[in-house]
Amino acid sequence: MSQYLVRRLVGLVPVFLGITVVSFFMMHLAPGKPTDAVTDLNIKISLQAKQQLIKLYGLDRPVHQQYLDWLKRTLRGDFGVSFKDGRPVARKILERIPVTLTINALALFFILLFSIPLGVAGAAHEGSGFDHAVTLFVFIGFALPTFWVALLGLDLFGVRLGWLPVSGLNSLWAERLGPGPWMMDRIWHLLLPVGVAVFGDLAGTSRFTRSSMVEALGQDYIRTARAKGLPERTVLYRHALRNALLPQITLLGLAVPGLIGGSVIFESIFAIPGMGRLFFDSVISRDYPVIMGILVLGAILTLLGNLLADIAYALADPRIRVSEGG
Amino acid sequence: MILAGGLLLLTVGMGALLAPRLSPANPQEIRLKEALLPPSPGHPLGTDQLGRDVLSRMLYGARISLTVGFVAIGLATVLGVLIGAAAGYAGGWLDILLMRIVDILLCFPTLFLILAAVAFLEPGFAPIIGIIGATGWMGVARLVRAEVLSLKERDFILAAKVIGASDTRILGRHLIPNAMAPVLVSATLGVGAAILIESALSFLGIGIQPPMPSWGNILAEGKATLGIAWWLTLIPGIAIFWVVLGCNLLGEGLRQRWKPQ
């Protein structure tokens, strides 16, 4: 196992370097120099910011040297300072990450909680009315624009019914509450955004569970299990599901970029001060150091997600660690 | 499925094509006196806060949304096929290099890449198409590479080599056409995804810019009057849902039909 881990980690180094190269050169290959963009496209940014930018990227020096310098600073966790308020980019991003991660982790948890039984039930009764209903739901869920669902949810639960708050993470008076009520207030605020996020991704995951279950149920060991008279429940949940969940682990790793990317839309609609909202605001105000920082961090989080998924897969399925070459 | 999906897309396609004939009014014409009228015979889908006819804006918006979806995915597909075929056919260091680039690009959340690109370019019609196309080819490249890898050892390819066909001929005449089925499926699904992305960007105000109508920015403009003018929010949302559902049904139907037996 440790050998497998080392091999995987070594394999990540070039990808990580690639991420930094892409992020860095995206900045340089963009039409014009970043400084042009500042002067030509955005009159809102001050002259001081322009000089800050030139200094930050050392634009008078050869490109590869600029890259190496930037990489060295980035590896030390120094992403420069924001044009907007002069605060270190790393700190600005770090204080936003917990919110985004919490919402995504909660969403992921509920997605799995609902999608696994749905997928299993669909596969167990393949071709039945229930299965068709699940498939229909999946197609509808896939095609609904999430931001529209969020908007309708806001209008229905937040405005018309007045059951849920429409924005933010806590009520204005939350600071005066004790820890218990504060937590309730936070949960109350998270219900709508997490609910919409779950709704958005439930379809795809249920579908995936269903198809891996259908495949698992077609295997010989399932026929054996049924032949020896095991109850259907045991066959489904102990034998088939265990194997059907293996590919799901990889899917979770692959879902990370989608979830992180999607946070831009949620956090903008629900006014949640997370990383996605910060990214969106930075794009609007062309706060390049923050954009670059989040781009690199987003990719690294994705890389970590994939790595964790690979490790989990290897732990769950011994065939992987023995046979895979690298 | 193919039929249902095709019909959904066809209705919107016809609407977009015949927009000048079907529109009851000029989609850009502002009549403040007729602002926020609910649906009526004169304005079948009502009017917006500037008194513009929503049906006309939806029809012209369909042109924009469909063009963005199809052209962007066309671009991504061509890029993906070329890169994937080159990697799979050439093999060796070129394959390793290209696939590593794909791995690296796939690490970036697509929406982040798109937004970062929007920060450099001015948002608008052509940039949005370019950006969605340039960030969407990686999956296709992987798909085509895998197909080419499995096809290139087959007898008919060996036969073509034996009779002295050039590499371009083998790729263009034999490998790529035979690898097209999964590519078309992924492109059909991709068009739906691209339309979703475009509408999300326009909704956030960084996609298609007003006064050019797009379903996303009609929705964005309707957001402020959600409580009093439901049609401004409901109609564009349903239209987006309609088209994306059409693409997904068609793509899924094609996938099942062409599934290797």
Side-chain angles (χ1 to χ4, degrees), chain A residues 14-19 21-23 26-27 29-32 34 37 41 139-140 142-149 151-152 154-155 159-160 254 256-265 268-269 276 279-280 282-288 291-292 294-296 298-303 305-306, chain B residues 1 4-5 8 96 100-123 127 189 192-193 195-197 199-206 215-216 219-220 222-223 226-227 230 233-234 236-249 252:
Chain A
V15 179
F16 171 76
L17 286 177
I19 288 172
V21 172
V22 170
S23 305
M26 210 168 142
M27 194 78 163
L29 293 178
L41 302 175
F139 268 102
I140 293 175
F142 249 151
L144 281 174
T146 345
F147 60 93
W148 186 58
V149 175
L151 203 60
L152 294 184
L154 255 178
D155 184 50
V159 181
R160 280 173 211 264
L254 293 176
V256 173
L259 283 169
I260 297 179
S263 58
V264 174
I265 294 175
S268 300
I269 293 179
F279 192 64
F280 180 71
S282 308
V283 166
I284 295 293
S285 58
R286 296 175 193 274
D287 195 342
Y288 295 117
I291 298 176
M292 301 302 300
I294 298 184
L295 206 56
V296 174
I300 291 174
L301 281 180
T302 306
L303 205 60
N306 287 338
Chain B
M1 258 194 203
L8 288 179
I96 294 172
R100 266 292 144 85
I101 292 176
V102 167
D103 288 343
I104 289 163
L105 289 177
L106 281 175
C107 277
F108 292 94
T110 319
L111 212 57
F112 276 19
L113 270 186
I114 291 174
L115 281 172
V118 168
F120 298 122
L121 309 167
E122 284 293 276
L189 298 172
I195 290 176
L196 275 179
I197 291 178
S199 60
L201 290 178
S202 303
F203 177 73
L204 292 174
I206 49 181
W215 292 346
L219 244 174
K223 192 172 64 167
L226 185 54
W230 53 268
T233 305
L234 223 53
I238 292 172
I240 298 166
F241 170 66
W242 184 280
V243 168
V244 178
L245 185 66
C247 291
N248 291 353
L249 284 171
E252 208 42 55

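All chains are named by letter (A, B, ...) in the order of the sequence lines, taking the proteins before the strands, and each is independently numbered beginning at 1. Keep in mind it's a predicted model, so treat the numbers as computed, not measured.
With a 4.5 Å cut-off on non-hydrogen atoms, A/Phe280 touches chain B through its side chain but not through its backbone. For chain B, the nearby part of A/Phe279 is the side chain; its heavy atoms alone come within less than 4.5 Å. Contacts of B/Ile206 with chain A are made by side-chain atoms alone, with heavy-atom separations under 4.5 Å and no backbone atom involved. If you measure heavy-atom distances from A/Val159 to chain B, you find no contacts under 4.5 Å at all. Contact of B/Leu105 with chain A is made through the side chain alone, with heavy-atom distances under 4.5 Å. Of the two parts of A/Ile269, only the side chain, counted from C-beta on, holds a non-hydrogen atom closer than 4.5 Å to a non-hydrogen atom of chain B. Both the backbone and the side chain of B/Ile238 come within contact range of chain A, judged by heavy atoms closer than 4.5 Å. Of the atoms belonging to B/Phe203, it is side-chain heavy atoms, and not backbone ones, that fall under 4.5 Å from chain A.
Residue with the most contacts toward chain B among A/Leu303, A/Leu301, A/Leu295: A/Leu295 (heavy-atom pairs, distance under 4.5 Å). Among A/Gly298, A/Gly305, A/Ser282, the residue making the largest number of heavy-atom pairs under 4.5 Å with chain B is A/Gly298. In terms of heavy-atom pairs under 4.5 Å with chain B, the best-connected choice from A/Asn306, A/Ile260, A/Ile291 is A/Ile260.
In this structure, the salt bridge (Lys or Arg N to Asp or Glu O under 4.0 Å) partners of A/Asp155, at least two apart in sequence or on a different chain, are A/Arg160.
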